[in-house]
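Atoms within each ligand, like the ligands themselves, are counted from 1 in listed order. In this text, all values refer to a predicted model and were calculated from it rather than measured experimentally.
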Amino acid sequence: MKTKTLLLVTAAMLLVGTSTLRAADVAENWTKHCGSCHGADGKARTKAGRMAGAKDLTDAAYQKQFTDEQILQRLMDGVTDKGKEKMKPFKAVLSDDELKALVAKVRTFAK
Ligand code: HEC
């Protein structure tokens, strides 16, 4: 009986551990792959962001211009303008799940 309780407690702790780990991953990925242009706050007030022409992701009106699917698509394939790369494709760098988590993170900026 005691062992069973212990097992349950351990399992619960593992579950909690995994979910916090996942959350940290999104934040880490944002800092590592996106923050240089879009900034920690999503406002793109960084040198690289200005140079690339990234826009303010905290602007709800701007965020209404694209669906989650469109964000995902652009993260996978990148954004080019007149043959010039504005945002590089991330499909080779990040997994589908990581990209989807980043789409969700993007949405949190405009709430
Ligand atoms: C080299 C700078 C740069 C990096 C790094 C970068 N972006 Fe972007 N991103 C841009 C630019 C520039 C645009 C604006 C494209 C446009 O609308 O003209 C953009 C647009 C976007 C948009 C607007 C949606 C859309 O469909 O246009 C989202 C959301 C976004 N980026 C998320 C991300 C995420 C998430 C990452 C990290 C995985 C990332 N970006 C990394 C430069 C960057």
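- Within ligand 1, the atoms closer than 4.0 Å to a non-hydrogen atom of Leu102 are 38 (C), numbered from 1 in the order shown.
- Taking only nitrogen or oxygen atoms, main chain and side chain alike, Lys55 reaches within less than 3.5 Å of ligand 1.
- Of the listed residues (Val103, Ile71, Leu72), just one forms a side-chain contact (heavy atoms from CB on, under 4.5 Å) with Phe66, and that residue is Ile71.
- Side-chain contact between Val106 and Trp30: present, with at least one pair of heavy atoms (C-beta onward) separated by less than 4.5 Å.
- Side-chain contact between Met87 and His38: present, with at least one pair of heavy atoms (C-beta onward) separated by less than 4.5 Å.
- Of all atoms in ligand 1, numbered sequentially from 1 with element shown, those under 4.0 Å from a heavy atom of Ile71 are 29 (C).
- For the pair Ala48 and ligand 1, no heavy-atom separation below 4.0 Å is found.
- Within 6.0 Å of NZ on Lys105 lie more than 12 heavy atoms contributed by other residues, nucleotides or ligands.
- Taking a cut-off of under 4.0 Å to the non-hydrogen atoms of His33, the atoms of ligand 1 that pass are 5 (C), 37 (C), 41 (C).
- Here the heavy atom of the protein found nearest to atom 28 (C) of ligand 1 is Leu57 CD2, 4.2 Å.
- Taking all atoms of both residues into account, the shortest heavy-atom contact from Leu94 to Leu102 is CD1-CD1, 3.7 Å.
- Given atom 23 (C) of ligand 1, the protein heavy atom at minimum distance is Tyr62 OH, 3.3 Å.
- Protein N/O/S atoms found under 2.8 Å from atom 8 (Fe) of ligand 1, listed by chain and residue number: His38 NE2, Met87 SD.
- Ring pair His33/Phe90 is perpendicular by interplanar angle, where above 60° counts as perpendicular and below 30° as parallel.
- The side chain to side chain donor-acceptor pair (under 3.5 Å) test applied to Ser95 returns Glu98, not counting sequence neighbours.
- The side chain to side chain donor-acceptor pair (under 3.5 Å) check on Ser36 picks up nothing, with sequence neighbours excluded.
- Gln63 places a side-chain N or O within donor-acceptor distance of the main-chain N or O of Leu57, the cut-off being under 3.5 Å.
- Looking at Lys105 against ligand 1, nothing comes within 4.0 Å, counting heavy atoms.
- Residue pairs meeting the side chain to side chain donor-acceptor pair (under 3.5 Å) criterion with at least one partner in residues 42-51, sequence neighbours excluded, do not occur; the list is empty.
- Distances below 4.0 Å separate heavy atoms of Gly53 from the following atoms of ligand 1: 12 (C).
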